[in-house]
Trainee: 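Got a structure for you, written out below as structure tokens; questions coming shortly.
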Amino acid sequence: MSSEFAVIYMLGGILLSSVISFYAWQSRSTRGHRNFALACMVSIPWMIGEAIGRSTDTYNWQWFGEWLRYFGAMSLPVLLLMFTRQYFGRDLSKREVRWLIIIPAISWLVMITDPFHGLFFVSTAVEPYVRMNVEYGIYFWAIHTPYSYVLLVWSLLTVVMELSRASSHYRRQIFLLLLSMCVPVTFNLLALFGVVGKITPYSFPVFFSIMAYAIFRLQFLTSNPI
């Protein structure tokens, strides 16, 4: 994928995410609308970071792009879990939310201070107009990645369980929610194990397109499963 096309693609994803975030924030009649809006919002820094990496060849700017990417990567699993639980009437308590955000907060601090200890990245290298090439360290594999996937699996299981017992009126929108969530998770798994390149942010426009269909055609955010 050329750098120019990648940047344009990311800008389109950012615009789409912004529109859906604004719409979701206004949908006050729906449980979890603000957590859904916030989940869309935190994907924006991730896509901005990707666009920066694709449009510069300087180390400082590419490192700044990594900061933005991982801010989104560490926040998104928590917000998706909060949204799915609240949407299906299984809200997390404030105390549970406070505990859930501890690891992402620590992970981001470890990431931005990595030049001093090398726990998150073993090595970093800049390739012109391609996102920073990194080799992951022990913290990434032992804490950040397992924790993020525990939250994602928890979210997916919540949706699957509700899909299995939902009335026919809600099954289509719940299925679209499950399908949309599987897209970035699949892309990330393939990238994580080196099957494909680091393409997770390129899945977000697909994710938001499916969600936009559910929102504007199936009134996803204007009704709640009972």
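No experiment lies behind these values; they were computed from the predicted model shown. By convention here, the first residue in the shown sequence is residue 1.
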Trainee: Is the shortest side-chain heavy-atom distance between Leu92 and Gln86 below 4.5 Å?
Mentor: no
Trainee: Quick one, Asn60 with Trp63, criterion side chain to side chain contact (heavy atoms under 4.5 Å, CB included). Give me CA distance, side-chain angles, the key distance, then yes/no.
Mentor: CA-CA 5 Å; Asn60 287 340; Trp63 181 243; 5.7 Å; no
Trainee: What are the two closest heavy atoms between Pro205 and Leu16, and how far apart are they?
Mentor: O-CD2, 3.9 Å
Trainee: Look at the side-chain heavy atoms of Ile, Leu, Val, Met, Phe, Trp and Tyr, link any pair under 4.5 Å apart, and say whether Phe140 and Ile138 land in one connected group.
Mentor: yes
Trainee: Other members of the hydrophobic cluster containing Phe116, with the 4.5 Å side-chain heavy-atom rule, please.
Mentor: none
Trainee: I'd like to check Leu152 versus Leu80 (side-chain heavy atoms, cut-off strictly below 4.5 Å). Are they in contact?
Mentor: yes
Trainee: Looking at every non-hydrogen atom in both residues, tell me the closest pair between Arg31 and Gly89 and how far apart they are.
Mentor: NE-N, 3.6 Å
Trainee: Could you tell me whether the side chain of Leu76 reaches within less than 4.5 Å of the side chain of Trp46, counting heavy atoms only?
Mentor: yes
Trainee: How far does NE2 of His144 sit from OG of Ser107, to the nearest 0.5 angstrom?
Mentor: 6.5 Å
Trainee: Going by the salt bridge (charged side-chain N to carboxylate O under 4.0 Å, His left out) test, which pairs reach into residues 66-80, not counting sequence neighbours?
Mentor: Glu50-Arg69, Glu66-Arg69, Glu66-Arg131
Trainee: List the atom pairs, with distances to 0.1 Å, where a side-chain N or O of residues 108-115 and a protein N or O form a donor-acceptor pair under 3.5 Å, not counting sequence neighbours.
Mentor:
{"residue": "Trp108", "atom": "NE1", "partner": "Trp67", "partner atom": "O", "Å": "3.1"}
{"residue": "Thr113", "atom": "OG1", "partner": "Leu109", "partner atom": "O", "Å": "2.7"}
{"residue": "Thr113", "atom": "OG1", "partner": "Val110", "partner atom": "O", "Å": "3.3"}
{"residue": "Thr113", "atom": "OG1", "partner": "His117", "partner atom": "NE2", "Å": "2.9"}
{"residue": "Asp114", "atom": "OD1", "partner": "Leu119", "partner atom": "N", "Å": "3.3"}
{"residue": "Asp114", "atom": "OD1", "partner": "Phe120", "partner atom": "N", "Å": "2.8"}
{"residue": "Asp114", "atom": "OD1", "partner": "Phe121", "partner atom": "N", "Å": "2.8"}

Trainee: For Phe22, look at atom CZ and say whether over 12 heavy atoms of other residues, nucleotides or ligands are found less than 6.0 Å away.
Mentor: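 Open: at most 12 neighbouring heavy atoms sit under 6.0 Å from CZ of Phe22.
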Trainee: Quick one: does any side-chain atom of Thr84 pair with a main-chain N or O of Leu81 as donor and acceptor, under 3.5 Å?
Mentor: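 Side chain of Thr84 to backbone of Leu81: a pair is present.
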Trainee: Determine yes or no for a side-chain-to-main-chain donor-acceptor pair under 3.5 angstrom, with Gln62 supplying the side chain and Met132 the backbone.
Mentor: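 Judged by distance alone, yes, a pair lies under 3.5 Å.
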Trainee: Are Tyr136 and Tyr139 joined in one hydrophobic group, where the rule is that I, L, V, M, F, W and Y side chains link up if heavy atoms are under 4.5 Å apart?
Mentor: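 Same cluster.
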Trainee: Below 4.5 Å, heavy atoms only, C-beta onward: do Leu178 and Leu156 meet side chain to side chain?
Mentor: yes
Trainee: Does the side chain of Arg54 reach to within under 4.5 Å of the side chain of Met10, using non-hydrogen atoms?
Mentor: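 No - every pair of side-chain heavy atoms lies 4.5 Å or more apart.
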Trainee: Identify the two heavy atoms, one from Ile143 and one from Pro146, that lie closest to each other, and give their separation to 0.1 Å.
Mentor: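 Closest approach of Ile143 to Pro146, heavy atoms only: O-CD, 3.5 Å.
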Trainee: Are Leu79 and Val42 close enough that some pair of their side-chain heavy atoms sits under 4.5 Å apart?
Mentor: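 Of all side-chain heavy-atom pairs linking Val42 with Leu79, at least one is under 4.5 Å.
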Trainee: Show every donor-acceptor pair shorter than 3.5 Å between a side-chain atom in residues 187-197 and any protein atom, with sequence neighbours excluded, or say none if there are none.
Mentor:
{"residue": "Asn188", "atom": "OD1", "partner": "Tyr149", "partner atom": "OH", "Å": "2.4"}
{"residue": "Asn188", "atom": "ND2", "partner": "Thr200", "partner atom": "OG1", "Å": "3.0"}

Trainee: What closest approach, in Å, do Gly13 and Phe208 show between heavy atoms, and which atom pair accounts for it?
Mentor: O-CD1, 4.4 Å
Trainee: Does Trp141, at its CH2 atom, have more than 12 non-hydrogen atoms belonging to other residues, nucleotides or ligands within less than 6.0 Å?
Mentor: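 Count over threshold, so yes.
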Trainee: Under a 3.5 Å distance rule, please check whether Ser55 uses its side chain to pair with a backbone N or O of Ala51 as donor and acceptor.
Mentor: yes
Trainee: Shared ILVMFWY cluster between Leu15 and Ile20, side chains joined below 4.5 angstrom?
Mentor: no
Trainee: Starting at OG of Ser93, measure out to CZ of Arg98 and round the result to the nearest 0.5 Å.
Mentor: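 Spacing of OG (Ser93) from CZ (Arg98) equals 7.5 Å.
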Trainee: Test: salt bridge (charged side-chain N to carboxylate O under 4.0 Å, His left out). Region: residues 167-184. Which pairs qualify, not counting sequence neighbours?
Mentor: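 Counting only pairs at least two positions apart or across chains, no salt bridge (charged side-chain N to carboxylate O under 4.0 Å, His left out) contact touches residues 167-184.
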Trainee: More than 12 foreign heavy atoms under 6.0 Å from OH of Tyr147: is that the case here?
Mentor: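 Yes, enclosed.
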Trainee: Taking all non-hydrogen atoms of both residues, which atom of Ser17 and which atom of Met47 are closest, and how far apart?
Mentor: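 For Ser17 versus Met47, the nearest heavy atoms are CB-CE, 4.0 Å.
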Trainee: Between Ser180 and Pro184, which heavy-atom pair has the shortest distance, and what is it?
Mentor: O-CD, 2.9 Å
Trainee: When you compare the side chain of Trp154 with that of Arg85, does any pair of heavy atoms fall below 4.5 Å?
Mentor: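 Yes, close enough: below the 4.5 Å cut-off.
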Trainee: Fit a plane to each ring of Phe204 and Phe207, take the angle between them on a 0 to 90° scale, and name the class: parallel (under 30°), tilted (30 to 60°) or perpendicular (over 60°).
Mentor: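 Perpendicular.
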Trainee: State which residue, out of Tyr23, Trp25, Phe83, fulfils the ring-ring contact (aromatic ring centres under 6.0 Å, His included) condition with Phe36.
Mentor: Phe83
Trainee: Ser164: what forms a side chain to side chain contact (heavy atoms under 4.5 Å, CB included) with it, not counting sequence neighbours?
Mentor: none
Trainee: When you group the ILVMFWY residues by side-chain heavy-atom contacts below 4.5 Å and let the links chain together, are Phe88 and Val160 in the same group?
Mentor: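 They do share one cluster, since a chain of ILVMFWY contacts under 4.5 Å joins Val160 to Phe88.
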Trainee: Could you go step by step and tell me if Ser18 and Ile44 meet the side chain to side chain contact (heavy atoms under 4.5 Å, CB included) rule?
Mentor: CA-CA 8 Å; Ser18 301; Ile44 293 175; 3.5 Å; yes
Trainee: Please tell me if the side chains of Met74 and Ser148 come closer than 4.5 Å, counting only heavy atoms from C-beta onward.
Mentor: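 Not touching, per the 4.5 Å side-chain cut-off.
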Trainee: When you compare the side chains of Thr124 and Tyr59, does any donor N or O come within less than 3.5 Å of an acceptor on the partner?
Mentor: yes
Trainee: Apply side chain to side chain contact (heavy atoms under 4.5 Å, CB included) to the pair Met181 and Val159, showing each step before the final yes or no.
Mentor: CA-CA 10 Å; Met181 290 175 65; Val159 179; 4.0 Å; yes
Trainee: How long is the straight-line distance from CZ of Arg95 back to CG of Leu100, given to the nearest 0.5 Å?
Mentor: 12.0 Å
Trainee: Under a 4.5 Å side-chain heavy-atom rule over Ile, Leu, Val, Met, Phe, Trp and Tyr, are Val183 and Val153 clustered together?
Mentor: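 No.
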